[in-house]
Amino acid sequence: KEEKEEEKSNNENRPMNEQEVTKKIPEQQNHQQQEENQQQQQEQVQQKNQKQEGEETNDQKRQEHTAEQKEKILTFFQNSSVEEISSLNTCSTKEANLIIQLRPFTSYDQLLQQLTKTPLAASRR
């Protein structure tokens, strides 16, 4: 029994031969690849979570508008000209014309619904 333990100890301390090294390299590469894959998966999950948090923040901002703000927004989109609407930083003349074609808006919620389900919303994605 002692001889076996001594032989095992000697084997652990001796340098590896070429065949053992050749066998060990793919194992190390495989381990590195697994670590890289795990890191990529973690990054993808983090990106997805950040995107969801951003969408939730936008939804919260919409819900935070007061009744007075909602009325002003509705009035602006209901009555403004193409030039006035397209003067918004995020709105082109083409989009302003589309908004005007969607009139009349009966409520703030209907305005948001119209703006999010039209080609206007699709062009923003």
Which pair of non-hydrogen atoms, one from Cys91 and one from Ala96, has the smallest distance, and what is that distance?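 The pair with the smallest heavy-atom distance is SG-N, 3.8 Å.
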Q | Over all atoms of both residues, closest heavy-atom pair of Ser80 and Glu84 | A |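 What the structure gives for the nearest pair is CA-OE1, 3.1 Å.
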In the structure I gave you, are the side-chain heavy atoms of [X] and [Y] within less than 4.5 Å of one another anywhere?
X: Leu111; Y: Phe76; result: no
X: Phe105; Y: Ile73; result: no
X: Leu102; Y: Phe77; result: no
X: Glu95; Y: Leu98; result: no

Under 6.0 Å from the CD atom of Glu43, do we count more than 12 heavy atoms belonging to anything else shown?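 Check passes, neighbour count above 12.
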Can you tell me how far apart [atom1] ([X]) and [atom2] ([Y]) are? Round to the nearest 0.5 Å.
X: Gln40; Y: Glu36; atom1: CD; atom2: CD; answer: 7.0 Å
X: Gln110; Y: Gln114; atom1: CD; atom2: CD; answer: 5.0 Å
X: Leu112; Y: Lys70; atom1: CG; atom2: NZ; answer: 8.0 Å

Does [X] use its side chain to pair, donor to acceptor, with the backbone of [Y] at less than 3.5 Å?
X: Gln69; Y: Thr66; result: yes
X: Ser86; Y: Glu83; result: yes
X: Glu71; Y: Ala67; result: no

